[in-house]
Amino acid sequence: MKKFLISLAVIIGAVALTLMVTIPDRQQHADTIKSVMTGAVNAELRDNNIDGDFGSIASAIATTTVDQYLNTHFMVREHRFYSLGFIDYNEEFILVSLGIFNHVFTLDEEQARQFIKKGLQNSADLPLSLP
């Protein structure tokens, strides 16, 4: 019984150490989210039959916008065994990613599309201010 408990403690310790060493950093979270959001934007462009030169330009603008948004509104909280990625959206923090074992789990493409559509609808409601 004593050998079993020692073996169990060693296994738990090894797993804990592995978790601590393989926490994804902010850049891994941002790259994963950017990839999913870019895929969602490209799928939305395809669904709306926006292709060719205009589609390429729209995709490049969207990718740049997502990158800038992540640079200013994305935060990663690192915990001892995992990390969590949050987006500050209308002063509300929304969990968008979980990092564990050097892998980032995040929104799927459909959830990203809904998030983008919701953001566009909310931005359309904002009053425009001209200088």
Side-chain angles (χ1 to χ4, degrees):
M1 183 68 173
K2 193 173 187 180
K3 287 183 181 182
F4 172 75
L5 291 176
I6 291 172
S7 298
L8 185 62
V10 168
I11 290 171
I12 290 173
V15 169
L17 182 63
T18 302
L19 282 169
M20 290 169 58
V21 172
T22 61
I23 296 175
D25 62 3
R26 183 186 190 284
Q27 190 61 47
Q28 287 173 291
H29 280 266
D31 289 345
T32 302
I33 292 169
K34 187 173 154 181
S35 173
V36 170
M37 295 299 270
T38 301
V41 166
N42 289 335
E44 196 65 30
L45 290 172
R46 275 191 314 273
D47 287 354
N48 290 311
N49 295 321
I50 301 172
D51 52 4
D53 292 338
F54 185 67
S56 297
I57 292 169
S59 179
I61 291 171
T63 301
T64 303
T65 303
V66 166
D67 197 30
Q68 290 174 348
Y69 189 83
L70 288 177
N71 286 338
T72 57
H73 293 87
F74 182 64
M75 173 181 90
V76 172
R77 301 221 24 203
E78 291 186 4
H79 298 273
R80 190 171 311 260
F81 301 115
Y82 60 95
S83 56
L84 301 173
F86 296 92
I87 287 184
D88 180 8
Y89 182 72
N90 290 337
E91 297 181 14
E92 179 182 339
F93 289 99
I94 300 171
L95 177 67
V96 292
S97 63
L98 165 70
I100 191 167
F101 285 123
N102 210 25
H103 184 76
V104 177
F105 299 94
T106 188
L107 309 168
D108 64 12
E109 194 173 287
E110 185 57 35
Q111 291 170 324
R113 289 173 82 169
Q114 295 303 319
F115 190 75
I116 291 168
K117 287 178 183 178
K118 182 179 175 185
L120 291 174
Q121 288 171 351
N122 289 343
S123 68
D125 296 336
L126 297 175
L128 295 176
S129 60
L130 299 174

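Note that the coordinates shown come from a computational prediction; the quantities given were computed from them, not determined experimentally. These values consider heavy atoms only, across backbone and side chains, with no hydrogens, waters or symmetry-generated copies.
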Practice item. Measure the acute angle between the ring planes of H103 and F105, then classify it against the limits of 30° and 60° as parallel, tilted or perpendicular. Key: perpendicular

**Study point:** CG on N49 to CZ on F54, rounded to 0.5 Å
**Key:** 13.0 Å

Check your understanding: Would a hydrophobic clustering, with Ile, Leu, Val, Met, Phe, Trp and Tyr connected at side-chain separations under 4.5 Å, put I94 with I33?
Key -> yes

Check your understanding: Do the side chain of R26 and the main chain of F74 share a donor and acceptor less than 3.5 angstrom apart?
Key -> yes

Review point. What is the ring orientation for F93 with F86, classed by angle as parallel under 30°, tilted 30 to 60°, or perpendicular over 60°?
Key: perpendicular

Exercise for review: To the nearest 0.5 Å, tell me how far I87 CD1 sits from T72 OG1.
Suggested key: 10.0 Å

Exercise for review: List the steps, then state whether side-chain contact (heavy atoms from CB on, under 4.5 Å) holds for V76 with D25.
Suggested key: CA-CA 8 Å; V76 172; D25 62 3; over 6 Å; no

Check your understanding: Does one hydrophobic cluster hold both I100 and L84, with members joined at side-chain heavy-atom distances below 4.5 Å?
Key -> yes

Check your understanding: How far does CG of D31 sit from CG of D67, to the nearest 0.5 angstrom?
Key -> 9.0 Å

Check your understanding: Minimum heavy-atom separation for T22 to F101, with atom names?
Key -> OG1-CA, 3.2 Å

Study note, to complete from the structure: Rounding to 0.5 Å, atoms OG1 (T63) and CE (M37) come to a distance of 10.5 Å

Point to revise | Over all atoms of both residues, closest heavy-atom pair of N42 and S59 | key: OD1-OG, 2.7 Å

Review point. More than 12 heavy atoms of other residues, nucleotides or ligands under 6.0 Å from CG of D53: is that the case?
Key: no

Revision key, fill the gap. Closest non-hydrogen contact found for L45 with G55 is CD1-O, 3.8 Å

Point to revise | For A30 against L70, the heavy-atom pair lying closest together | key: O-CD1, 3.8 Å

**Study point:** Whether T32 side chain and Q28 backbone form a donor-acceptor pair below 3.5 Å
**Key:** yes

Practice item. Looking only at non-hydrogen atoms, find the nearest pair between L98 and Y82 and report the distance. Key: CD1-CD1, 4.0 Å

Exercise for review: Enter the distance from D88:CG to M75:CE here, rounded to the nearest 0.5 Å.
Suggested key: 8.5 Å

Point to revise | Exercise: identify the closest heavy-atom pair between A112 and V36 | key: CB-CG1, 3.9 Å

Point to revise | Value rounded to 0.5 Å, distance of CD in E78 from CE in M20 | key: 12.0 Å

Practice item. Indicate yes or no for a side-chain donor-acceptor contact from Q114 to the backbone of Q111 under 3.5 Å, with no hydrogens or angles considered. Key: no

